[in-house]
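Chain identifiers are assigned alphabetically (A, B, ...) following the order of the sequence lines, protein sequences preceding nucleic acid strands; residue numbering begins at 1 within each chain.
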Number of protein chains: 2
Amino acid sequence: MTGPRRRVTQQDIARICGVSQTTVSLVLNNRLDAGVRIASETRERVLEAIAETGYVADPVARRMVARRNRIIGVFTYEAVFPSGTRDFYQPFLAGIEDSAEQLGCDLLLLTSAPVVEGRRRIFHEGNRFRLADGCILLGRETDRGELARLVAEGYPFVSVGRRADTGGPVPYVGADYPGAVAELVAQAVEMGHRRLAYLGSGSHTESRGDRRDGFTAALAATGAAGPVLAGETAELVARLPELVADGVTALFVEDPADCQQLADRLAELGHPVPAAISTVALGDPPPDSVWGYPHPPATADIDFTGFRIPRWEMGRQAMEVLSALLEEKSTEPQRLLRCAGHRGASLAPPPR
Amino acid sequence: MTGPRRRVTQQDIARICGVSQTTVSLVLNNRLDAGVRIASETRERVLEAIAETGYVADPVARRMVARRNRIIGVFTYEAVFPSGTRDFYQPFLAGIEDSAEQLGCDLLLLTSAPVVEGRRRIFHEGNRFRLADGCILLGRETDRGELARLVAEGYPFVSVGRRADTGGPVPYVGADYPGAVAELVAQAVEMGHRRLAYLGSGSHTESRGDRRDGFTAALAATGAAGPVLAGETAELVARLPELVADGVTALFVEDPADCQQLADRLAELGHPVPAAISTVALGDPPPDSVWGYPHPPATADIDFTGFRIPRWEMGRQAMEVLSALLEEKSTEPQRLLRCAGHRGASLAPPPR
DNA sequence: TCAAGGTGGTAATACGAATTACCACCTTGA
DNA sequence: TCAAGGTGGTAATTCGTATTACCACCTTGA
């Protein structure tokens, strides 16, 4: 065995062949440009030495010259552990990876970012996101301050999920929630629903707000009406009787995870879904599984009508946009992708 | 917009502060060695400029000089797409990530490795695994040639899953299949089984071979006997009558995914599991889900007795070993982890 | 007055590959 | 005979950081 020997370098090859390091480099990169000539006899000698020694160019040195890494950072805002949110990221990551593979990039998971107050920080002492040529930001919520700083510094990044401008346009690939919600509202109205309610968290994050705004806009467009509620799940459940009394026949539920609980309570109250009242999920729940051992969703009796968030495609296109930014190719840096409707069993015509 | 501006370098910081690049480097690395002195006033100025510009040392340059990145490469052998194997890696990755987070390392997913003949290659023109301080190898199979080369070159790496030596010891964190299988065999024998069969693929990969060898060793140890079959799933199913006729009362199935199919066929033949014949899964099936939308395992009528592969822990310890290798701390570089037995419903005493 | 020692910093160089600028030599042709 | 052009190659420099060797200046103390 040769033991832990030093890496073979171009210099070594050069010594062996009695040529200069430059020559080795030229042979290696097969530079046939006019202006660069290597006698084929010399070339052979060099290639032979390369084959014998098993020389491989040190990618680090190579990158040093090229000033590009072909490394794309992936920053996940929420701490991945210990909650089950790991799988929240998975479809996005799969899309990102697919695209990275095609682009010949490696992905750097920025796991070293310290967790402060339950979330990771991009900017911190010794922040390492600049290790990468550019970054993809992943997470339900984003720190506006950090976003603004990234924009201000001109660091190339793309957010998965729409983000409002912060002192400059934020590149993103998001889901078209307003459009998706509008489609569902239109369907409901067409079925005869006239009084629809929105049940949300009251949160002002883009993903929540877009659904809510989409709902109110759609109401206005269709001529239907109805209240917009904001509160925790328990609170929303508690207000169901009030909605029924109000004559509401269709619920638009911001968080798909709340649907089952609402439906259960409605059944208790004697208003089964969808016979008495329709319930629409504004999205699809992220998959829940524990370390890859899937367990069935809590108690999914009902196949809720709603829409599918194109998570995989969002990840893929985010990479695409980032790549374009890095190559300085022109591209649409703010994209909203259509959500395919999911025709389940929870939206039906209102009782007559 | 500031436009796509150049990376900030130590030289830039130096210019801003009116000092030399050396000084910046010294401040950055907080060199308090005797023989190196920086006025605290100067230090402050430099630190301020660093904070303002958001400067981060270029890992590539750093790597050129030193030998550390705090980047750990993760190489997955099999192409991740388009099959559903993504989730095969997930529990391992989760363990790796957990450990990386604690160590303050970032993870580099080597997605750029080109796929040749259906699998990724570590060594290829422009291979990039040396961007990382060390690598974790993940995959059901591994290329022996590449493994040997890594060993010969003295590159720090750890395999998740046992690998046979290739011209030198291969560091790994694997599952103790022989031990796990032996426990199950012992259980079966204790219940009264005397003729056990092994149903495998005939593959010579370590993970398969270890199970098979564990089985034959356990047979010898317990005084039981029985055939070892090798073949595709369909072939194994076809040979079931032969096994029944042979007086076999317990099947040890190499690939857990085959169990249900075998049990179904046995039921058709009039030998229900486990009343007539026991069936043991040598492992637990990797979770299957499509882009995060879990669907129930094919037709999992039976809760098969078997064991759990400690995937998460394997990932975690692989990082641990790699870290030790990098720090040149002594550690056991070849580890087999115990698989907890899973007491299901498919192993029962043989019919009398 | 000047050697000794402390202080605060810089110039130079290494790391490995890529690239640019240029050199030394040879062959032509007029 | 010598300028023009072709041939085969090399020295020097670049990328960004870390490290080593050393320098210029100041303060002591005898």
Can you find an N or O donor on one side and an acceptor on the other, under 3.5 Å apart, linking the side chain of A/T9 with the base of C/dA17? no

For the pair A/E206 and A/R163, find out whether any cationic side-chain nitrogen is under 4.0 Å from an anionic carboxylate oxygen. yes

May I ask you to establish whether B/R149 and B/F123 are in a cation-pi arrangement, using a distance under 6.0 Å from NZ or CZ to the six-membered ring centre and at most 45° from the ring axis? yes

Note: A/E48-A/R45 ion pair, threshold 4.0 Å (strictly below): no

When A/I38 and A/Q21 are each assigned the nearest nucleotide of DNA chain D, the 5'-most assignment goes to A/I38

Checking C/dA17, C/dT7, D/dG16 against the side chain of B/R37 (C-beta onward), the nearest is C/dT7

Taking only N and O in the side chain of B/S25, is any of them less than 4.0 Å away from OP1 or OP2 of D/dT19? no

Let's see if you can work this out: which of D/dG9, C/dG8, D/dA18 has an atom nearest to the side-chain heavy atoms of B/V65? D/dA18

Nearest listed nucleotide, side chain of B/M64, among D/dG16, C/dT19, D/dT17: D/dG16

Given atom CG of A/L26 and atom P of D/dG9, what is their separation to the nearest angstrom? 10 Å

What nucleic acid atoms does B/Q11 come within less than 4.0 Å of, heavy atoms only: base, sugar-phosphate, or nothing? nothing

Between D/dG9 atom C1' and A/L28 atom CG, what is the distance in whole Å? 17 Å

If you find the nucleotide of DNA chain C closest to B/R43 and the one closest to B/A61, which residue's nucleotide is nearer the 5' end? B/R43

Taking only the side-chain heavy atoms of B/A39 (C-beta and beyond), determine which of D/dG16, D/dA18, C/dG9 contains the nearest atom. C/dG9

If you only use heavy atoms from C-beta on, which nucleotide in C/dT10, C/dA17, D/dG16 is closest to the side chain of B/D58? D/dG16

Of D/dG9, C/dA17, D/dT17, the nucleotide closest to the side chain of A/T23 is D/dG9

Contact class for B/V19 vs. all strands (heavy atom < 4.0 Å): base, sugar-phosphate, or nothing? sugar-phosphate

Looking only at atom types and distance, does a side-chain atom of B/S159 sit under 3.5 Å from a main-chain N or O of B/G161, one as donor and one as acceptor? yes

Winner on side-chain proximity to A/N29, out of C/dT19, C/dG8, C/dA18, is C/dA18

Examine the base of D/dA11 for any acceptor or donor lying under 3.5 Å from a partner atom in the side chain of A/T22, and report the outcome as yes or no. yes

